[in-house]
Amino acid sequence: QVQLVESGGESVEAGGSLRLSCVASEKVYSYSRLGWFRQAPGKEREGVAMILNHDGLQYIYATSVRGRFTISQDAAKNTVYLQMDSLRPEDTATYYCAARKDYLYGGVLSPALYDNWGQGTQVTVSS
C-alpha cells in the first residue's frame, strides 16, 4: 500500500510563499507520475502540478499556477515538493499529494486517474 504524507500547509498573506512536502513510502522513480492536486470548498478537485517519471522527467502545470508554482522531487528523501510563490486568495484550498505507478498516456491533471492519495494539507491565503 503506497503511503503519501503531506506537510507544510499554513495561513499566509497574499503575495507570500509556502513550500509543501510529500513524503512517499516508496522511491519516487517507482511512480510514473507524482504530484499535487487541490480542492477548495464547494469546488471539484483540480490538478496543480505533476512530475512524469518516464521518457525523461517532465513537469506539468495547471495554467492558473504556471510561473508561480514549482514542483520538484528529491529522490534521496522520497519526497516531492511544491514551492508556491506569489500566492493569491484563490489558491486557498486543501492540497493533496497523488501518485500513480503504472504508465498511462494523457489525463495528467485528471484526479480520476490517480489511485494513491495523501490526507491533504490546508493552505489559506488572506487578502
Side-chain angles (χ1 to χ4, degrees):
Q1 180 73 23
V2 173
Q3 290 187 331
L4 303 168
V5 181
E6 305 100 329
S7 62
E10 292 182 12
S11 295
V12 296
E13 293 185 352
S17 297
L18 282 176
R19 188 176 80 158
L20 305 183
S21 300
C22 171
V23 180
S25 58
E26 300 181 25
K27 296 184 182 299
V28 294
Y29 294 121
S30 70
Y31 307 105
S32 68
R33 43 177 80 175
L34 178 63
W36 296 90
F37 289 79
R38 68 185 181 186
Q39 188 166 18
K43 295 188 176 181
E44 294 186 353
R45 191 167 297 188
E46 63 173 354
V48 175
M50 197 62 57
I51 295 177
L52 305 185
N53 286 315
H54 56 81
D55 299 327
L57 283 178
Q58 299 178 62
Y59 302 90
I60 307 297
Y61 294 94
T63 303
S64 58
V65 305
R66 191 172 295 128
R68 301 188 298 121
F69 291 10
T70 304
I71 189 171
S72 62
Q73 62 186 7
D74 185 333
K77 297 181 179 180
N78 293 346
T79 300
V80 61
Y81 301 100
L82 185 67
Q83 177 66 42
M84 306 187 294
D85 299 318
S86 302
L87 282 162
R88 304 168 180 168
E90 55 263 39
D91 295 318
T92 295
T94 301
Y95 284 70
Y96 297 92
C97 184
R100 182 184 177 100
K101 282 200 164 185
D102 57 304
Y103 172 77
L104 179 69
Y105 179 79
V108 174
L109 296 179
S110 174
L113 300 182
Y114 291 79
D115 47 9
N116 298 288
W117 293 88
Q119 82 288 350
T121 187
Q122 178 67 37
V123 172
T124 302
V125 184
S126 58
S127 57

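This chain uses plain numbering: 1 for the first residue, then up along the sequence.
- With Ile60 as the partner, the side chain to side chain contact (heavy atoms under 4.5 Å, CB included) test is satisfied by one option alone out of Ile71, Val48, Leu52, Ile51: Leu52.
- Under the 3.5 Å distance criterion, the side-chain polar atoms of Glu6 are matched with a main-chain donor or acceptor of Cys97.
- Between the side chains of Gln73 and Asn53, at least one donor N or O lies within less than 3.5 Å of an accepting N or O.
- Put simply, the side chain of Arg68 gets close to the backbone of Ser86: a donor and an acceptor are under 3.5 Å apart.
- In summary, the aromatic rings of Phe69 and Trp36 are positioned with their centroids too far apart to meet the 6.0 Å limit.
- With rounding to the nearest 0.5 Å, the separation of CG in Leu34 from CG in Asn116 is 9.5 Å.
- When side chains are defined from C-beta on, Arg33 counts as touching Leu104, because their heavy atoms get closer than 4.5 Å.
- The closest donor-acceptor contact from the side chain of Thr70 to the backbone of Gln83 lies at 3.5 Å or more, if one exists at all.
- Between Gly107 and Leu113, the shortest heavy-atom distance links the atoms O-CD1, 3.5 Å.
- A donor and an acceptor atom, one from each side chain of Arg38 and Tyr95, are located under 3.5 Å apart.
- When all heavy atoms of Ala49 and Leu82 are compared, the closest pair comes out as CB-CD1, 4.0 Å.
- To the nearest 0.5 angstrom, Thr124 atom OG1 is 13.0 Å from Glu13 atom CD.
- Smallest separation of non-hydrogen atoms from Asp85 and Ser17: OD1-OG, 2.8 Å.
- Figure legend: Arg19 and Tyr81 shown as a cation-pi pair, the cationic atom lying under 6.0 angstrom from the six-membered ring centre and within 45 degrees of its axis.
- Between Tyr96 and Leu20, the closest side-chain pair of non-hydrogen atoms is not below 4.5 Å.
- In the hydrophobic clustering of this structure, Tyr103 does not group with Tyr59; members are Ile, Leu, Val, Met, Phe, Trp, Tyr whose side-chain heavy atoms approach within less than 4.5 Å, directly or through other members.
- For Ser25 against Tyr31, the heavy-atom pair with the smallest separation is N-OH, 4.0 Å.
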List the steps, then state whether side chain to side chain contact (heavy atoms under 4.5 Å, CB included) holds for Tyr114 with Val108. CA-CA 9 Å; Tyr114 291 79; Val108 174; 4.1 Å; yes
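- Closest non-hydrogen pair, Ser127 versus Pro89, comes out as CB-CG, 3.8 Å.
- Contact detail for Gly47 and Ala62: the closest heavy-atom pair is O-CB, 3.4 Å.
- Note that the CG atom of Asn78 and the SG atom of Cys22 stand 10.0 Å from one another [nearest 0.5 Å].
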Test log, rule side chain to side chain contact (heavy atoms under 4.5 Å, CB included), inputs Lys101 and Glu26: CA-CA 10 Å; Lys101 282 200 164 185; Glu26 300 181 25; 2.3 Å; yes
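- In this structure, CE in Met50 is found 11.5 Å from OH in Tyr61, a value given to the nearest 0.5 Å.
- Looking at Gln122 and Thr94, their side chains do bring a donor and an acceptor atom within 3.5 Å of each other.
- At distances below 3.5 Å, at least one donor-acceptor pair connects side-chain atoms of Thr92 with backbone N or O atoms of Val125.
- Cluster membership for Val80 and Val123, using ILVMFWY side-chain heavy atoms within less than 4.5 angstrom, is shared.
- Remark: side-chain polar atoms of Arg45 are not paired, donor with acceptor, to backbone N or O of Gln39 under 3.5 angstrom.
- For Thr79 (side chain) and Lys77 (main-chain N/O), a donor-acceptor pair under 3.5 Å exists by modelled atom type.
- Atom CG of residue Leu18 and atom CD of residue Glu10 lie 5.5 Å apart, to the nearest 0.5 angstrom.
- Side-chain atoms of Arg100 come within 3.5 Å of backbone N or O of Asp102 as a donor-acceptor pair.
- Thr121 places a side-chain N or O within donor-acceptor distance of the main-chain N or O of Gly9, the cut-off being under 3.5 Å.
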